[in-house]
Amino acid sequence: MNLFCIVTAGCLVASATAAPPAIVVAGLGDCEKITKDGAVPPSPRFWNPTARRLSLDGGRNEMVAAQLILTAQGGDADQVDVEIGDLKGPGVIAADPNIALYLEAYHFVEHGAWGGFSQVLPDHLWYPDVLVPFRDPYSPGRRAVGAPFPIRTANGANQGVWIDIYIPLTAKPGKYQAPIRIKAGGQVVTLASLVLTVHSFTLPDEFHVDGYGEFYGEAYGYHKASYSEAKVDRWWEVARRYHQMAHQHRFVVAERGGQGPDGRNWDNYDKTYGRELDGSLFTSREGYVGPGANTGLPFWKAPFRQEFDGRVPPFTGEQLSRYTDVAREFLDHVAAKGWKTRRVFAYIVDEPGRMDARATENLRKLQQALDFPAGPGKPRIDLIWTSHQNPATLANDPATDLRGIIRWWSPNGQAADPRFLADRVKAGETAWFYHHGHPANGVHAVNATGVELRTWGTICWRYGLSGSFWWAVDLGDRTDPLRKPIYNPRETRWGNGVLFYSGARLPDIGFPAIDGPLSSLRMKAYRRGLQDYEYCWLLAQKGKRAVADGLIREVIPVALAEAVAAGNRTSVEASEAADRGGQAGRRAASIQTPPWRTDVDAWYRMHEELARALDAK
């Protein structure tokens with residue numbers, strides 16, 4: 001079976017005499033996910049079908065989003081297009097560059113049971129994830145890519161169009177309206193309108209919750225832009241676009257060791273990563289539009305390779321000296337450049353296995369080696385700790401207590417003890433979590449609603465944590481990455497390892513290539529949760545923390561380790577098996593249900609209440 005609804009060049013030519021097809025238009029919010037053949041539900045907070053009006057709202061410096069679902073009736077439709085004009089109200093919000101349209105491309109989710117322990121949407125259906133831009137943002141003249149497009153009905157009559165709107169810092173509060181034109185066969189078949197309400201508040205350029213993901217370099221290879229010192233300019237031409245996209249979505253990405261510059265060539269480091277650290281990459285001069293303009297990154301990964309998996313070795317004196325030397329050189333360079341990065345971590349050991357006294361002591365020596373060069377005016381380098389073990393449990397034994405050693409915590413969701421980690425944040429440390437599934441945190445599956453990844457940012461507010469961690473963001477199937485967003489053919493978590501898609505592989509699914517990244521519906525959902533956190537942060541600044549806390553608790557009463565039933569190892573063991581590259585085992589794991597609100601309307605209502613509280617005096 002073909003695993004993608006593809007568009008071919010031949011599909012883009014309609015008969016000159018053909019009557020325009022009947023296309024039914026509906027609007028949805030940014031959390032619904034409708035299959036190619038699924039019923040389109042009402043979305044009254046976003047769409048008025050009688051008036052054909054799509055409504056959105058947000059603060060200045062915010063990215064807001066919605067979907068149009070076009071359903072072809074009576075057969076295929078050709079040369080379909082969507083156009084949205086300037087938003088006019090108290091002022092003008094120009095469509096270019098503030099409104100971006102994307103065609104939703106559909107995956108056939110071949111096996112997406114999520115290890116059998118999390119409640120996901122049914123697999124063996126066509127789900128949208130890859131977002132194909134209507135226009136190439138990287139080419140002169142912004143040539144056509146995703147539109148006009150055909151709607152092929154063999155696998156379902158629906159075709160989603162994603163709408164992203166950036167509300168500029170200069171926008172005046174009030175209501176704005178823009179025309180929407182849906183065309184088919186070159187003729188306008190439907191008129192609708194877009195209404196945007198701009199609130200009185202402004203989201204900050206600084207990010208107050210961390211999002212972080214690792215690039216394995218697979219995406220760059222498809223652009224023929226893999227890193228080498230000799231080809232750094234070509235690598236950065238492409239890589240900078242991936243880094244800018246992450247910043248637009250309020251998170252940070254960094255390359256794995258060897259996939260980008262390091263301390264062996266500081267000139268290369270400065271002209272690439274240095275522009276992220278000082279914020280100059282995120283300016284209009286560099287083609288950047290979005291939040292965080294001219295704002296450096298809030299944290300960064302020091303240039304150490306992640307060398308050890310599943311164990312903490314007994315480091316030799318020579319190894320420890322080498323780590324100290326690299327730390328000293330990096331910190332001296334940061335100080336000399338005047339980069340104001342506040343927090344720095346080193347990712348050297350990954351998921352060290354079951355911690356014992358020996359492993360704990362080895363980690364202590366490693367952190368001491370990193371601490372040795374620290375001094376006034378220099379950031380410290382904190383060793384990140386990733387694990388399936390609950391650090392609160394380890395703290396019960398002085399021999400395995402990691403407090404006083406680890407200052408950058410990142411346990412798996414089911415091992416993330418909220419009380420323990422919140423205390424570490426209060427002590428000035430950093431506390432993240434990474435993927436697990438139900439009941440700890442939302443799944444990052446293609447076959448899941450936007451609520452799932454929206455939980456990641458809101459869980460951080462719920463428990464006072466620092467952020468979340470993506471172990472990989474570009475690690476899909478090497479031969480068919482746009483159709484199979486899985487790094488292991490046995491993987492049942494469809495989408496694990498992938499958040500970005502490579503624009504260089506668009507010809508695989510019938511579109512012209514672009515020399516940069518493709519976003520995804522899951523990236524948009526992740527962004528929404530990070531922006532929810534910023535709403536809560538703004539309320540706290542206004543003395544309304546209790547309002548934010550109450551609204552978040554309504555949608556997330558419990559999560560992380562607090563939600564894992566005492567003695568219930570079902571989801572824990574299944575997650576560990578999946579991370580080892582296998583499945584849950586011969587016996588089907590019992591499906592764990594999410595403890596947060598799963599109805600999208602509850603999340604939309606929460607957003608409205610947060611905004612209302614911010615607007616109030």
Side-chain angles (χ1 to χ4, degrees), residues 5 7-30 32 34 36 40 42-44 46-56 64-89 92-106 128 131-137 141-153 156-165 175-196 510-512:
C5 285
V7 179
T8 63
C11 294
L12 299 179
V13 181
S15 168
T17 59
I23 296 178
V24 175
V25 182
L28 295 176
D30 56 358
E32 287 105 331
I34 308 303
K36 191 79 169 67
V40 181
S43 189
F46 288 84
W47 179 248
N48 182 324
T50 303
R52 291 202 195 99
R53 184 172 60 243
L54 184 67
S55 298
L56 283 165
V64 297
Q67 303 172 77
L68 289 176
I69 304 297
L70 313 182
T71 304
Q73 294 191 325
D76 296 347
D78 288 305
Q79 284 190 302
V80 182
D81 204 351
V82 176
E83 299 173 349
I84 301 179
D86 294 341
L87 284 154
K88 297 180 180 180
V92 176
I93 300 175
D96 185 13
N98 299 302
I99 300 178
L101 301 177
Y102 303 89
L103 189 69
E104 298 179 1
Y106 293 80
L131 292 175
V132 182
F134 274 26
R135 301 288 180 265
D136 182 355
R142 295 168 57 84
R143 63 189 175 88
V145 178
F149 54 88
I151 301 177
R152 294 290 171 256
T153 58
N158 296 332
Q159 177 57 63
V161 172
W162 187 273
I163 304 168
D164 251 3
I165 303 174
K175 286 190 180 296
Y176 295 74
Q177 186 164 325
I180 301 175
R181 292 176 291 274
I182 293 94
K183 295 181 175 181
Q187 303 178 46
V188 175
V189 295
T190 302
L191 294 174
S193 63
L194 170 65
V195 174
L196 173 67
F511 298 95

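Everything quoted here is computed from the prediction, not taken from an experiment.
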- Message: Using 0.5 Å steps for rounding, measure from the CG atom of Asn158 to the OG1 atom of Thr71.
- Response: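 Asn158 atom CG to Thr71 atom OG1 measures 4.0 Å (nearest 0.5 Å).
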- Task: Mind running side-chain contact (heavy atoms from CB on, under 4.5 Å) on Ile163 and Ile84 for me, showing each step along the way?
- Result: CA-CA 10 Å; Ile163 304 168; Ile84 301 179; 3.9 Å; yes
- Would you please name every residue forming a side-chain contact (heavy atoms from CB on, under 4.5 Å) with Ala192, sequence neighbours left out? Trp47, Arg52, Ile180
- Closest heavy-atom pair and its distance - Phe511, Leu103: CZ-CD2, 3.6 Å
- Query: What heavy-atom pair brings Leu87 and Ala178 nearest, and what distance separates the two atoms?
  - Reply: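 It is CD2-CB, 3.7 Å.
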- Task: Provide the full list of salt bridge (charged side-chain N to carboxylate O under 4.0 Å, His left out) pairs with a residue in residues 179-195, sequence neighbours left out, each pair given once.
- Result: Glu83-Arg181, Glu83-Lys183
- Message: Any salt bridge linking Asp136 with Arg142? Criterion: basic side-chain nitrogen under 4.0 Å from a carboxylate oxygen.
- Response: no
- Message: Assess whether a salt bridge exists between Asp96 and Arg135, defined as any Lys/Arg side-chain N lying under 4.0 Å from an Asp/Glu carboxylate O.
- Response: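 No.
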- Ile34 and Leu28: CA distance, side-chain angles, deciding distance, side-chain contact (heavy atoms from CB on, under 4.5 Å) verdict: CA-CA 9 Å; Ile34 308 303; Leu28 295 176; 3.4 Å; yes
Heavy-atom side-chain contact between [X] and [Y] under 4.5 Å:
X	Y	value
Ile165	Leu56	yes
Pro148	Val80	no
Trp162	Val132	no

- Query: Step by step, would you call Gln159 with Glu104 a side-chain contact (heavy atoms from CB on, under 4.5 Å)?
  - Reply: CA-CA 7 Å; Gln159 177 57 63; Glu104 298 179 1; 4.3 Å; yes
- Please test Ile99 against Asp164 for side-chain contact (heavy atoms from CB on, under 4.5 Å), starting from the C-alpha separation and ending with a verdict. CA-CA 6 Å; Ile99 300 178; Asp164 251 3; over 6 Å; no
- Short question: side chain of Gln187, backbone of Ala184 - any donor-acceptor pair under 3.5 Å?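 Such a contact is absent between Gln187 side chain and Ala184 backbone.
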- Task: Output all residues satisfying ring-ring contact (aromatic ring centres under 6.0 Å, His included) with Tyr176, sequence neighbours left out; order by chain, then residue number.
- Result: none
